[in-house]
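Structure incoming, see below.
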Amino acid sequence: MHLRIIILLLTILIMGGNMVNAVVDPDQIKERTSFQEAGPYSDTIDIKSDVVMVYGIDPGLPDRIKTWRDKGYKIHVMTGVAWGSYQDFLYGEYDGVDHSDAGQMDRHGNEINHGPTVPYMCPVESFGKYLCVGVKRAIDAGAEAIHMEEPEYWVRAGYEEAFKREWESYYNEPWIAPHSSVDAQYRASKLKYWLYRRALGDVFKFIRDYSKEIGREVKCYVATHSMINYASWGIISPESNLVLIDGCDGFIGQVWTGTSRTPNMYKGVTKERTFETAFSEYGVLNNLVRSTGKRMWYLNDPIEDNPDFCWSDYRMNWESTLTASLLYADVWRYEVAPWPSRVFNGKYPKKNLRDAAPGEEVEREGIPASYATELLTVMNELNFMDQKKSAWDCGTRGIGILVSDTLMFQRSDPSPSDMGSYYGISLPLLKVGIPAEPVQLENVIVKNYLKPFKTLFLTYEGQKPPSPDLHDAIAKWVKDGGVLIVTDADIDPYNNVKEWWNEAPMSYSTPRLHLFEKLGVSSTGTHQVGKGTVIYVNASPAAFARSEYGAKRVVDLAKQASEINGSDWRETSYLMLRRGPYVIAAGLDETEGLPTKTIRGKYVDMFSPTLDILKSVSLKPGSRVLLKDLSKVGNEPTVLASASKILELKVSDNKMRFHSEGPINTTCATRMLLPEAPKSAFVNGEKVDINWDSDSKTALIQYPNSPDGLWVDINW
């Protein structure tokens, strides 16, 4: 109670007394949920997250911040790193130097733009210092944290004059066209990677120094896609290298329908596999920070950047990405929407435009009321994912796939690598219920980082080890009892780039040979190494993606490794995680011969706009499930779930009272656990209907949301 009073008084002081009558959430300081928005406050998007990330560092930022602060939000600021309204930098207004040649450009002389007049930037040395000017404006306006979004350099870029100068400075030699050889492409990628690390390093150093100067701690985060998505799309970003930057406090892991619907190949079929791709994307982001002490938010976007899909498509894919994100119990903070204005105020076609006939006019519509209610229910429920207990029901666990940031380096001419080198291993395992995680290769030197894994897959097809010391850590893990499965045909042309494994004093034709020397392995087959085992298969993992035989071979290798390390081998047609009272599950398609799982009990369906009570849930192929288990919530009267933020919940005698807050023009559904059938329910003094379920002892009421909040009274 004392803590609540202190927080309330501090909030009132900070806001100049504007919130004297407000209901305050004492848990808001945990920054559990957030969203980003470029405009000022609006009651149509007042979704009641803990944090708003006000977008942009332009002169109008302080005024926009004030509108959100006055409504009780914690204030962070986000701005683009690779792109933004940075014309004053481009055309010399900032430092008197014309930087118009710093826009990224492809080999044909085409600018690579984020918008008509917004180029992706080559971050020349003064660019980081330029960003610091806007960041200072944000801090002076009261930002508690800064999020630098999407440091991105396209693989097909590197032909702009600014990059040529950076090449000459970095390599001390004339620029070489990246497409001219695999070595030039790899070196160009390394430089792009380093340039954005330099820019962010400058910004984070400034924030740290300025925070000390003003006596106020300001956190620094990076909002970034997963490395797997960037590799798929042909983008370079410093990713794991950012973990090492002094002052980087963590990340927003940007995974959503737009990234995860990128098609991939399994058993020779290329198509969208949103859930499976999202599982890998969230997984590599989790392993980016795991064991480092850095914070991670997961992004969940109810729609996507492409405005040509219908609401049912967005909804189906959002449920898939959300489910995938919740299967990583290490992460319990979420960005619930990047742009709520485009969700709750936008209009989208009534059917996917790609399904429309040529010339067909497709009418657009706003968000269906049922989807809005479902979204708000889940957005509010994400505040409670910091659960101390979790339990899996799935295939064999403890299996990982080593991946490196260098997966991004080999994705362009003259010999672009095949993403099948990753998906050829990951999809066969995931499709039989094995939650194989992508494991960040650069982090294997972190203490206890490999401890959760009994089996690791590794290939240097499509990626390379950035330093030889990584092999020492892998060799130690094997000798301590791990099983390493190496599948590599040594046919990747990037084995020949000028790198540490083939430069004096080393002279290995592939980096694999250096690792095998550390392990004492020289041939294919199964080899005992210390207490562990190495299984070497001379085969291309990308080839595994092209056939049913290839997929089976991957599963057989994992099964063999499990037999060696004593793991119980299990295959399932689903993935399911119990996370406190929550049940998160996905039924897998393209999976044959495995029984369908049925969950029985009493559950609240979080994907239902009326919060239905379910007694039996079948995890059929393609199903996505988020439930609250009534057997795990106790017997005391409480609110089980709501499409609003519930505050000041009080229960006494035969009454329940709480404050319910949500954006205007949306419908709130609230389900409560009660000891007996309610006699009446009132919302701001007006009587409302009650739907009572005697079997579950739960009641449902529905009413229009209000940003200012409504007092709800239940009597029984």
Side-chain angles (χ1 to χ4, degrees), residues 153 155 158 166-173 175-176 178 180-198 201 227 231 236-245 288 401-412 414-415 417 421-422 439-446 449-450 456-479 484 486-522 529 534 536 541:
Y153 217 127
V155 184
E166 291 288 354
W167 177 291
E168 291 171 1
S169 174
Y170 187 78
Y171 288 117
N172 198 30
E173 67 179 30
W175 171 80
I176 302 172
S180 63
S181 69
V182 292
D183 183 61
Q185 186 61 254
Y186 196 86
R187 294 172 76 197
S189 295
K190 284 181 66 175
L191 176 55
K192 294 170 185 177
Y193 188 90
W194 180 82
L195 288 173
Y196 268 113
R197 189 203 186 283
R198 180 182 68 181
M227 177 268 289
I236 307 292
S237 189
E239 298 291 291
S240 68
N241 209 256
L242 297 177
V243 176
L244 305 176
I245 294 180
L288 181 66
I401 306 165
L402 288 163
V403 290
S404 166
D405 284 356
T406 59
L407 196 67
M408 298 179 285
F409 292 8
Q410 304 187 190
R411 294 287 293 149
S412 192
S415 185
S417 60
S421 62
Y422 170 74
V439 181
Q440 190 77 42
L441 179 62
E442 286 82 349
N443 284 6
V444 298
I445 58 176
V446 176
Y449 183 72
L450 294 179
L456 290 172
F457 280 82
L458 174 64
T459 185
Y460 287 143
E461 178 180 288
Q463 62 181 2
K464 301 294 171 283
S467 64
D469 59 324
L470 303 177
H471 287 167
D472 293 323
I474 293 172
K476 182 180 185 305
W477 174 82
V478 172
K479 292 172 184 177
L484 179 68
V486 178
T487 170
D488 202 321
D490 294 342
I491 57 175
D492 188 343
Y494 282 84
N495 286 328
N496 299 315
V497 301
K498 296 175 184 177
E499 264 294 346
W500 61 262
W501 60 86
N502 55 32
E503 294 187 323
M506 297 189 190
S507 58
Y508 303 95
S509 59
T510 78
R512 178 188 65 77
L513 293 175
H514 176 263
L515 172 61
F516 275 28
E517 183 178 276
K518 296 279 184 181
L519 293 165
V521 172
S522 60
V529 179
V534 173
Y536 173 41

Could you tell me whether the side chain of E442 and the main chain of S240 form a donor-acceptor pair under 3.5 Å? no
Please find the pair of heavy atoms, one from T459 and one from P541, that lie closest to each other, and give the distance. OG1-CG, 3.5 Å
Is the shortest side-chain heavy-atom distance between Y153 and L195 below 4.5 Å? yes
If I compare all heavy atoms of Y460 with all of L458, which pair ends up nearest, and what's the gap? CE2-CD1, 3.7 Å
How about F409 and V497: do any of their side-chain heavy atoms sit closer than 4.5 Å? no
Counting only heavy atoms not in N172, do more than 12 fall under 6.0 Å of its CG? no
Are any side-chain N or O atoms of Y536 and backbone N or O atoms of L484, one a donor and one an acceptor, separated by less than 3.5 Å? no
So which of K464, K190, R187 actually passes side-chain hydrogen bond (donor to acceptor under 3.5 Å, both in side chains) with E499? K190
With side chains defined as the heavy atoms from C-beta onward, is the minimum distance between D405 and P466 less than 4.5 Å? no
My understanding is that only residues two or more places apart in sequence, or in another chain, count here; which of them pass side-chain contact (heavy atoms from CB on, under 4.5 Å) with S417? Q410, R411
Inter-residue atom distance H514.NE2 - D472.CG, 0.5 Å rounding: 7.0 Å
Any chance the side chains of S181 and D183 put a donor and an acceptor closer than 3.5 Å? no
Are the side chain of N443 and the backbone N or O of L288 linked by a donor-acceptor pair below 3.5 Å? yes
Measure the spacing between CG of L513 and OG of S507 and express it to the nearest 0.5 Å. 10.0 Å
side-chain contact (heavy atoms from CB on, under 4.5 Å) involving N502 - partner list, sequence neighbours excluded: none
Return the minimal non-hydrogen interatomic distance between L519 and V534, and the atom names on each side. CD1-CG2, 3.8 Å
Are side-chain heavy atoms of L402 and I474 found at a separation under 4.5 Å? yes
Can you tell me if Y449 uses its side chain to pair, donor with acceptor, with the backbone of Q440 under 3.5 Å? yes
Where the side chain of W167 meets the backbone of L191, is there a donor-acceptor pair that is under 3.5 Å apart? no
Interatomic distance, NE2@H471 vs CG@L515, rounded to 0.5 Å, equals 4.5 Å
Counting C-beta onward and ignoring hydrogens, is there a side-chain heavy-atom pair between N241 and W194 closer than 4.5 Å? no
What closest approach, in Å, do S412 and Y494 show between heavy atoms, and which atom pair accounts for it? O-OH, 3.5 Å
Sidechain-backbone polar pair: K192 side chain, V155 backbone, donor-acceptor under 3.5 Å: yes
Would you say the side-chain atoms of S404 pair up with the backbone N or O of Q463, donor to acceptor, closer than 3.5 Å? no
Look at the side chain of W175 and the backbone N and O of G158, then say whether any donor-acceptor pair between them is shorter than 3.5 Å. yes
Steps toward side-chain contact (heavy atoms from CB on, under 4.5 Å) verdict (V403, Y422): CA-CA 8 Å; V403 290; Y422 170 74; 3.7 Å; yes
Taking C-beta and beyond as the side chain, do T510 and W501 meet within less than 4.5 Å on heavy atoms? no
Considering all heavy atoms of both residues, which atom of V182 and which atom of P493 are nearest to each other, and what is their separation? CG2-O, 3.8 Å
Under a 3.5 Å cutoff, is there a donor and acceptor pairing between the side chains of E517 and Y508? yes
Tell me whether the NZ or CZ atom of R197 lies within the 45° cone about the ring axis of Y193 and under 6.0 Å from its centre. no
Check D492 against G462 and note the closest heavy-atom contact, atom names and distance. OD2-N, 2.8 Å
Can you sort out the partners of K476 under salt bridge (charged side-chain N to carboxylate O under 4.0 Å, His left out), two or more places apart, ordered by chain and number? D480
What distance separates L441 CG from S467 OG, expressed to the nearest 0.5 Å? 8.0 Å
